[in-house]
Each structure stands twice: as structure tokens, then as C-alpha cells.
Amino acid sequence: MLGRGDAGSLELVDLSGDGVESGRRPWPAADAAAVVTARPDTRWVWADSARAYRSILRAGSRVARAWDLRLCRRILRTAVDPAGRGPLGPADAWDDTAPSIEDEGLFVVGAQDEPSVDEAVAELRRQLRTVASAPDPTRLTLLLHGESAGALVAEEMHLAGLPWDAQVHERILTDTLGQRSPASGVPERMAELADHVRAALGDDTVNLDSPPKLLRALRRAGIQVASTSRWELADQPHPAIEPLLEYKRLARLLVANGWAWLQEWVRDGRFRPVYVPGGVVTGRWASSGGGALQIPRLLRPAVRPDRGWVIVDADVAQLEPRVLAGMSRDLRMAEAARGRDLYAGIVAAGAVSTREEAKYAVLGAMYGATTGQSGRLVPRLRRAYPVAMRLVDDAASAGEDGGTVQTWLGRAAPQPDAEWLDLASAAGAEGADPLVRDRARRAAGDRGRFTRNFIVQGTAAEWALCWLAELRARLDALGAVGAPRADRSGEVFATRPHLVFFLHDEVMVHAPREMADAVRAAVEAAAEAAGRRMFGSFPIDFPLDVRVIETDGVTPHDPPG
DNA sequence: TCTGCCGGCGCG
DNA sequence: AAAGCGCGCCGGCAGA
């Protein structure tokens with residue numbers, strides 16, 4: 001569990017202040033990295049990776065394995081008992097914000113028979129007991145290890161940064177938006193489009209960036225819409241619409257990822273977002289600052305490796321339906337998923353007639369669509385893949401009834417809140433107001449769609465964590481090559497391939513050019529290993545689309561046969 | 001002037 | 001072609 005020994009043989013290291021202490025024995029701060037390096041097989045335990053591991057990285061060292069008490073606690077509190085009672089319940093002394101843990105940056109190493117003098121050790125013991133009481137400790141442990149490995153990767157990627165070419169970014173901005181006016185700062189193309197829109201609306205002052213004002217101007221011009229959102233405007237036959245939609249597209253780029261973003265977020269050729277592992281309720285990562293998870297496709301060309309290096313960019317095709325096939329053990333869906341394109345497989349099986357239909361049917365099945373084309377196609381999918389569909393349908397009905405669901409590895413969806421329960425019981429009472437019944441039905445439907453999607457999105461996030469952890473270990477095994485680069489991404493990454501980006505089902509690895517093939521193989525092998533770890537021998541595969549980004553352009557790799 | 005909410009849209 | 005899940009971020013705006 002802890003790499004070496006068990007919860008009883010722990011050594012406590014205190015990184016507070018200038019001194020580093022091991023048990024009651026002080027370690028010089030400068031030796032912290034050496035302490036870590038000297039124990040390559042240890043699973044390090046600490047309250048918060050963003051504090052403890054960040055300082056270790058800055059000191060020039062890395063660790064192979066970790067146990068992040070804060071992240072693990074969040075999972076464990078509801079993994080065994082969804083109501084959050086029990087040894088890790090909210091009444092417990094140790095919580096996410098316990099200052100005695102976080103502020104001291106404690107960490108624990110596998111060592112010999114040190115007394116558990118610290119709360120972190122007590123917390124770790126509670127967590128290990130909780131894992132042991134789970135229905136499937138092996139799966140839950142895999143999740144906790146994966147979550148913690150993710151926290152390591154998040155810190156490493158933050159330090160290394162995503163190689164970002166500001167010149168390419170600026171060129172895309174001026175090509176798309178035009179030159180900025182020296183007087184107002186408004187890009188030329190946007191100003192022209194705004195003029196066209198105002199002329200077509202017969203209103204030369206309306207602020208296009210204010211939805212209420214724009215809506216009134218649209219109505220005055222005879223355009224009957226209830227909102228100014230794109231999907232509604234697109235249907236309207238009016239000369240103002242086309243330039244307006246284009247204006248909105250450009251305004252979005254300017255506001256979200258324009259010159260100001262570049263100025264604020266890109267330094268020394270690196271974009272350094274803060275990743276938040278487990279930040280999404282389903283277990284997906286969130287990000288904080290810089291919109292790391294929302295970089296528009298248009299700006300992807302700005303991702304460029306250093307000279308002599310490459311970026312290996314890999315993503316999984318149709319991760320969520322593959323995961324659904326695996327967790328439901330639906331052999332027919334797994335058969336459709338064999339090869340590169342699951343949607344084509346569904347067409348070949350005769351469930352629907354076109355790839356587009358297959359796509360909408362699958363998305364509808366996972367999101368709970370009830371209307372439209374997507375909603376109409378779902379029943380056909382249900383007939384063709386009853387095993388997989390039963391799993392998501394059951395998850396939906398559990399949610400509608402106020403129950404909860406869990407991912408494949410055991411992350412629990414939150415229970416309904418008090419408001420939801422009150423509404424449900426009010427609607428269930430004799431002679432309830434039809435309006436209340438209607439609201440309750442809608443709330444039940446919302447929750448059903450949430451729990452339906454939760455098990456799939458959450459399990460996909462678990463697969464991705466396994467992939468990330470496996471890949472990280474394989475990259476480390478490749479070792480270092482070549483001369484150190486002259487940049488500021490930190491000695492730790494100067495000569496070895498390292499992860500620089502992760503987005504739900506995609507990773508990027510920055511690597512010396514001569515290691516490109518080895519990295520590509522590592523990414524593929526990691527995906528294979530992640531599938532095995534999650535689903536054992538069940539025959540579901542996770543094919544990757546891999547491209548290698550060179551300094552002077554992209555070299556697409558042939559898809560494997 | 002500050003704070004929190006909302007519409008809208010980028011990503012998966 | 002369509003409105004079903006999960007996010008973060010921005011500007012506008014209403015209320016404090």
C-alpha cells in the first residue's frame with residue numbers, strides 16, 4: 001500500500017519553515033530533494049500535492065508514487081457510505097482545510113516504525129481502514145492511486161508548462177480579427193462587422209456585447225427571437241444575422257484568448273495553467289485561470305515544441321462509449337468498438353443506418369436525450385445494445401428516485417440536496433399542486449440525466465487517470481537523453497520526455513526528437529495497460545489518434561492497422 | 001464601487 | 001442537425 005511497509009511503519013517528515021524534520025530528527029532543507037530521491041519506491045503521503053509536491057519539484061526532485069490525503073478523503077467519504085457517515089464523516093476532526101496539516105506541508109514516507117505523532121498519520125489510517133471496508137478494495141485503491149498520480153502530473157505540468165509560440169498566436173489573432181485600431185484597440189474586422197450589423201438593424205449605437213440591448217434591437221428590426229444565442233439566431237433570415245454571428249465568433253476569440261490572454265498567461269514560451277485534479281464532481285479535472293481546458297481549436301497551431309524537440313499529441317477515439325461497453329460488459333458493443341471507429345461499428349451491426357445517426361444515438365444514450373433526432377434514435381440503440389443501455393438506464397432511474405450511483409472504480413455521485421428531497425416529497429403528497437408535481441418531475445429528470453451521465457463520464461475520467469499514471473511511469477523509464485535545454489521549465493524536465501497537457505481524453509508529451517517513436521510507443525502501451533487495469537481481460541480496446549508536432553509543422557502518423 | 005448572478009460560448 | 005451531461009471565463013447588469 002505504501003510502497004514499503006504499511007501504515008504502522010511510517011516516518012513523518014515536516015517541511016514547515018526552513019527546516020525539514022523526519023520524525024523528531026531535523027533534516028536540512030537543502031537535503032529534502034535528496035531524501036526523496038533516495039527513496040524511489042516509496043509512496044509518499046501528504047495532505048495536499050499542490051503544496052508538498054510543488055516544493056519538492058522546485059527543489060529539483062520528483063517522486064514516483066503518492067497518496068494525496070485531501071483528494072483521497074474526498075473520494076472515500078462517500079465511496080463506502082454515500083451519506084458520508086462513518087469514520088471519515090464530516091464530524092471528523094480532519095478535513096480539507098485542517099490548517100495543522102496543510103500549513104505545515106507534512107508528508108509521510110514509508111520507513112521503519114516511527115510513532116504516528118501526527119494527524120496525517122491518523123488520517124491515513126482512517127483512510128486505509130475505509131478502503132478495507134469497501135466492497136471492492138482493489139478497485140477503490142486503483143482509483144485512489146490514480147487520483148494521487150494525477151495530482152503529481154498536474155503539478156509537473158504546471159511547472160513544465162505547455163510550449164506555446166506567442167508569435168503564432170499573434171499571427172492567428174491578426175489574421176482572424178485584423179489589426180487593432182491604435183485609438184480604440186478594437187480589431188479592424190470586428191469594427192467592420194459591427195458596422196454591418198448596426199446598419200442592417202437600423203440602429204447605429206446598439207452595443208452588440210450586451211445581450212439585453214442586442215435582443216431589443218433585434219426585435220425592433222422584426223427578428224422574432226427569445227434570446228441572442230447562436231443556435232437560435234442561425235435560423236433567422238435577416239441580413240444582420242450573418243455578420244452578427246461572425247462578430248460573436250470574433251468577439252469570443254478576442255475576449256477569451258486575445259492579446260490580453262497572451263500577455264497574462266504566456267511567459268518564456270510556456271502556458272502554465274493551474275490544473276485542479278478531481279475538480280469536477282464526476283472526477284474529471286478542472287482548471288483555474290487561463291481557461292486551460294477551453295483553448296479553442298483555432299489556436300492549437302500555437303502549441304509548438306522547442307527546437308530539437310517534438311510534441312506527441314494523442315487522444316482516445318470515443319472514450320465514453322468504450323468505457324460504457326467495458327463497465328457494462330456488453331460484448332456486442334465491445335465488438336462494434338473494435339478497430340478505430342465505434343460509430344462505424346454500430347452502423348455495420350445494423351443498429352442505425354449512418355455514422356451520424358450512430359453518433360447522435362450514442363450521445364443521446366449517455367446524456368439522456370428524450371426529444372429531437374437524438375432522442376428518437378436512442379430506442380434503436382437500446383434494442384441493439386440492451387446490456388449497455390440497461391446500465392445507463394438503471395443509473396438514470398436510480399437518480400430520478402433520489403438514489404445515488406457509483407463509477408466503475410467506486411467514486412460516488414453526490415446525493416440529492418435538501419431542496420430536491422423537499423420538492424420530491426411535496427409532489428408525492430396527496431393532492432399536491434400540479435405545478436409542484438411538474439417541477440418535481442423536471443427535477444427528477446434532471447437528476448436522472450445527471451446520474452446517467454455520471455457513471456460514464458466518471459468512469460472515463462478513471463480510465464484517463466490510469467492512462468496518465470501508466471504513461472508517466474513509462475516516460476520515466478525512458479530516462480533522459482541529449483543535452484539540457486536552455487529554458488526555464490526546471491531542471492527536472494530539462495533532458496527527459498514529460499507530460500505537458502491533459503484534457504479529459506487527450507495528452508501531450510514534450511520530448512527530444514530522437515525519442516519521438518519511443519514516446520509514441522509509451523503512449524500506446526499506457527492506453528493498453530489502462531484498459532487492462534480497468535476492465536481486465538474484457539475485450540474492449542482504446543485506439544488512439546496520435547500526431548507528432550515538429551518545430552516546423554505537424555507530421556501525422558499513419559493510423560495503426 | 002463592489003459583489004454576485006446570468007447569458008453566452010469555448011472545451012470534452 | 002439539435003438542445004441531452006460536465007466544466008471556466010467573460011462582460012453586462014442589478015442590487016447592495
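As a basis for the values below, the full set of heavy atoms in this structure was taken, side chains included, without hydrogen atoms, waters or symmetry mates. Remember, it's a predicted structure, so these values are computed and weren't measured experimentally. So that the names make sense, note that chain A is the first sequence line, chain B the second, and so on, each numbered from 1.
For the atom pair CG (Leu262(A)) and CG (Leu173(A)), the distance works out to 7.0 Å, reported to the nearest 0.5 Å. A distance of 9.5 Å separates OH of Tyr275(A) from CZ of Phe502(A), quoted to the nearest 0.5 Å.
A heavy-atom distance below 4.0 Å to DNA chain C is reached by these residues of residues 443-451 of chain A, ordered by number: Arg449(A), Phe450(A). For DNA chain C, no neighbouring residue in residues 383-419 of chain A is found when judged by any heavy atom under 4.0 Å. Near DNA chain C, defined here as any heavy-atom distance below 4.0 Å, there are no residues from residues 168-185 of chain A.
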Could you pull out every donor-acceptor pair under 3.5 Å between side chains of residues 361-380 of chain A and any protein atom, sequence neighbours left out?
unit_1    : atom_1 : unit_2    : atom_2 : d
Ser374(A) : OG     : Tyr360(A) : O      : 2.7
Ser374(A) : OG     : Gly364(A) : N      : 3.4

Check: residues 232-240 of chain A side-chain donor-acceptor pairs under 3.5 Å, at least two apart:
unit_1    : atom_1 : unit_2    : atom_2 : d
Glu232(A) : OE1    : Ser227(A) : N      : 3.2
Glu232(A) : OE1    : Ser227(A) : OG     : 2.8
Glu232(A) : OE2    : Ala226(A) : N      : 2.8
His238(A) : ND1    : Ala240(A) : N      : 2.9

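Taking atom CG on Leu233(A) and atom C1' on dA2(C), their separation rounds to 15 Å, with Å as the unit. Between the CD atom of Glu264(A) and the C1' atom of dC10(C) there is a distance of 12 Å, rounded to whole Å. When the C1' atom of dG8(C) is taken as reference, atom CZ of Phe271(A) falls 11 Å away, rounded to whole Å. Rounding to whole angstrom units, CZ of residue Arg376(A) and P of dA2(C) are separated by 7 Å. Counting to the nearest Å, the P atom of dA3(C) and the CG atom of Leu377(A) are 11 Å from each other. Atom CZ in Arg442(A) sits roughly 16 Å away from atom C1' in dG4(C) (whole-Å rounding). For the pair Asp235(A) CG and dA2(C) C1', the interatomic distance rounds to 10 Å; values are reported in whole Å. Atom CD1 in Ile455(A) sits about 15 Å away from atom C1' in dG6(C), given to the nearest Å.
Not counting sequence neighbours, Arg198(A) has no partner by the side chain to side chain donor-acceptor pair (under 3.5 Å) test. When the side chain to side chain contact (heavy atoms under 4.5 Å, CB included) test is applied to Asp417(A), the partners found at least two apart in sequence or on another chain are Glu419(A), Trp420(A).
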Inset, instruction - Go along nucleotides 7-12 of chain B 5' to 3' and tag each nucleotide: B for a protein heavy atom under 4.0 Å from its base, S when only backbone or sugar atoms are that close, - otherwise. - result: -BBBSB
Inset, instruction - Kindly determine whether Tyr247(A) and Asp195(A) satisfy side chain to side chain donor-acceptor pair (under 3.5 Å), including the steps that lead there. - result: CA-CA 10 Å; Tyr247(A) 174 87; Asp195(A) 285 347; over 6 Å; no
Inset, instruction - Take Asp505(A) and Gln318(A) through the test side chain to side chain donor-acceptor pair (under 3.5 Å) and record every step on the way to the result. - result: CA-CA 9 Å; Asp505(A) 62 358; Gln318(A) 305 132 1; over 6 Å; no
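No side-chain donor-acceptor contact under 3.5 Å links Arg411(A) to the backbone of Glu462(A). Put simply, the side chain of Ser49(A) never gets that close to the backbone of Leu152(A): no donor and acceptor are under 3.5 Å apart. Side chain of Thr451(A) to backbone of Gly448(A): a donor-acceptor contact under 3.5 angstrom is found.
Between Trp408(A) and Phe535(A), the ring center distance clears the sub-6.0 Å criterion. Under the 6.0 Å cut-off for aromatic ring centres, Trp261(A) and Phe271(A) qualify, their centroids lying closer than that.
Using a 4.0 Å heavy-atom cutoff across all strands shown, Asn257(A) reaches no nucleic acid atom at all. As judged by a 4.0 angstrom heavy-atom cut-off over every strand, Gly289(A) is placed among residues touching the sugar-phosphate backbone only. No engagement by Val456(A) is indicated, since no non-hydrogen atom pair under 4.0 Å with the nucleic acid exists. At the heavy-atom level, Thr371(A) lies under 4.0 Å from the strands shown only through sugar-phosphate atoms. The residue Gly279(A) sits apart from the nucleic acid: no heavy atom pair falls under 4.0 Å. Among the protein residues, Ala286(A) comes within range of the sugar-phosphate backbone only, with heavy atoms under 4.0 Å from sugar or phosphate atoms but none that close to a base.
Taking only side-chain nitrogens and oxygens, Ser210(A) comes nearer than 4.0 Å to OP1 or OP2 of dC13(C). Between Lys213(A) and dC13(C) there is a side-chain N or O to OP1 or OP2 distance below 4.0 Å.
When all heavy atoms of Leu465(A) and Gly146(A) are compared, the pair lying nearest together is CD2-O, 3.7 Å. Closest non-hydrogen pair, Ser353(A) versus Val347(A), comes out as O-CG1, 3.7 Å.
Considering only heavy atoms from C-beta on, His510(A) stays 4.5 Å or farther from Ile549(A) through its side chain.
For dA2(C), the base has no donor-acceptor partner in the side chain of Tyr360(A) [N/O atoms by modelled type, under 3.5 angstrom].
The 5' end of DNA chain C is approached more closely, in terms of each residue's nearest nucleotide, by Glu232(A) than by the other of Val255(A) and Glu232(A).
Residue pairs that meet the side chain to side chain donor-acceptor pair (under 3.5 Å) test with at least one member in residues 171-182 of chain A, sequence neighbours left out, are Ser181(A)-Ser184(A). For residues 288-299 of chain A, no residue pair satisfies the side chain to side chain donor-acceptor pair (under 3.5 Å) rule, not counting sequence neighbours.
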Atom pairs under 3.5 Å, N or O on each side, protein against nucleotides 14-16 of chain C: can you list them with distances?
none

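For Arg439(A), the CZ atom is loosely surrounded, since the number of other residues' heavy atoms within 6.0 Å does not exceed 12. Annotation: Arg329(A), atom CZ; neighbour count of heavy atoms from other residues, nucleotides and ligands within 6.0 Å is above 12.
Consecutive Watson-Crick or G-U pairs involving DNA chain C, each under 3.5 Å on both distances, make up stems of three or more pairs at B:1-12 with C:5-16.
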